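Written out below as structure tokens is the structure these notes cover.
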2 protein chains.
Amino acid sequence: MKIRDNYTCPLELTHDIIRGKWKPIILWQLGKGAASLSTLQNDITEIGQKMLLQHLGELQHFGMVQKQLFEGYPLKVEYSLTDKGMRMLNVIVSMQEIGIELMLEDGKEEFLKSKGLI
Amino acid sequence: MKIRDNYTCPLELTHDIIRGKWKPIILWQLGKGAASLSTLQNDITEIGQKMLLQHLGELQHFGMVQKQLFEGYPLKVEYSLTDKGMRMLNVIVSMQEIGIELMLEDGKEEFLKSKGLI
DNA sequence: CAGCATCCGATCTGATACTG
DNA sequence: CAGTATCAGATCGGATGCTG
């Protein structure tokens, strides 16, 4: 993603941070706790490794996610939310909640039930 | 914007609704009250007419915005938030708030003051 | 004033192949 | 397991000109 170096409005900044097809779901997953690259890739069905790494990198750039490296083989890495990331998670949670509301109003109860969301 | 006809997750739906460079600011502006096309274009500096119309159309598609036509010349149109749009505004407000927090932590007080945001 | 059509460069996404 | 490089197609953003 093209990263700007300044913003004309706070809204624009937040919008950029969660921009991209996979950013919200990555934050959502990390909200459950730290995870390795492969764990994330298993949990987020259909995401490719390249997009996962790219979006993780952008989230690190914005200070939402931190990476911890463990020495030795096999390689081990743990991604987790920073304090900022946890606060950003509030926005993600709001998005999830209103999304559920909208889907309910659109007659998607069955779908939501099948996902265990209601 | 390419519009999907189904979503695998509520978060994905909300993310799509506010996707695009100008959607959050358009919702923000309409949160202040109904507005005409030209009013919006004046208030949102730098947006072009095409993007404004396109994003307004998408917000209407998702039921966030409604359009009221007035008969006679000169033509008059009023865009405003629907009930859903007003609820979505809560997400936008959260985004603005966390954006302000992040900018403060990044030493942007002067900028925010100049905008009257703090 | 409100809105549409077209064209083009910039960006985004994803598949594939390769490295430590 | 974690991460990089490259390439192609889809999408996005914006400038411009035209219509009712």
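What you are looking at is a predicted structure, and each value in this text was computed from that prediction instead of being measured. Side-chain atoms are counted along with the backbone in the values below, which use heavy atoms only and exclude waters and symmetry mates. Lettering follows sequence order; numbering is per chain, from 1.
An OP1 or OP2 oxygen of dG3(C) is reached within less than 4.0 angstrom by a side-chain nitrogen or oxygen of Tyr79(B). Look at Arg19(B) and you'll find a side-chain N or O under 4.0 angstrom from OP1 or OP2 of dC12(D). Taking only side-chain nitrogens and oxygens, Ser36(B) never comes nearer than 4.0 Å to OP1 or OP2 of dC1(C). For dC12(D), the OP1/OP2 oxygens have no side-chain nitrogen or oxygen of His55(B) closer than 4.0 Å. OP1 or OP2 of dT11(D) has at least one side-chain nitrogen or oxygen of Lys2(B) nearer than 4.0 Å. The side chain of Lys67(B) places an N or O atom within less than 4.0 Å of a non-bridging phosphate oxygen (OP1 or OP2) of dG3(C).
When the P atom of dC1(D) is taken as reference, atom CG of Leu52(A) falls 14 Å away, rounded to whole Å. We find that CD of Glu78(B) is positioned 12 Å from P of dG3(C), with the value rounded to whole Å. Arg4(A) has its CZ atom 17 Å from the P atom of dA10(C), to the nearest Å. Remark: C1' of dT16(C) and CE of Met51(A) are 15 Å apart, rounded to the nearest angstrom. Taking atom CG on Leu53(B) and atom C1' on dT6(C), their separation rounds to 16 Å, with Å as the unit. Whole-Å rounding puts the Ile18(B) CD1 to dC12(D) P distance at 15 Å. Note: NZ (Lys21(B)) to C1' (dA15(D)) measures 13 Å, nearest angstrom. Remark: P of dT11(C) and CD1 of Ile3(A) are 12 Å apart, rounded to the nearest angstrom.
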Are Thr8(A) and Glu12(A) close enough, and set up right, to give a side-chain hydrogen bond (donor to acceptor under 3.5 Å, both in side chains), and what steps lead you there? CA-CA 7 Å; Thr8(A) 60; Glu12(A) 199 177 23; 2.9 Å; yes
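Map Gln49(A) and Tyr73(A) each onto its nearest nucleotide of DNA chain C; the residue landing nearer the 5' end is Gln49(A). Taking the nucleotide of DNA chain C with the nearest heavy atom to each of Leu75(A) and Glu46(A), the more 5' of the two is matched to Glu46(A).
Using a 4.0 Å heavy-atom cutoff across all strands shown, Leu37(A) reaches sugar-phosphate atoms only and no base atom.
Side-chain atoms of Gln54(B) stay outside donor-acceptor range of the base of dG13(D), with no qualifying N/O pair under 3.5 Å.
Tested against Glu78(B), the residues Gln68(B), Gln66(B), Lys67(B) include a single side chain to side chain contact (heavy atoms under 4.5 Å, CB included) partner, Gln68(B). The one candidate from Leu59(A), Leu81(A), Thr14(A), Asp83(A) that meets the side chain to side chain contact (heavy atoms under 4.5 Å, CB included) condition with Met88(A) is Thr14(A).
Both Ile3(B) and Trp22(B) are part of a single hydrophobic cluster, where members link through side-chain heavy atoms under 4.5 Å apart.
Atom CG of Leu40(B) and atom OH of Tyr79(B) lie 8.5 Å apart (nearest 0.5 Å).
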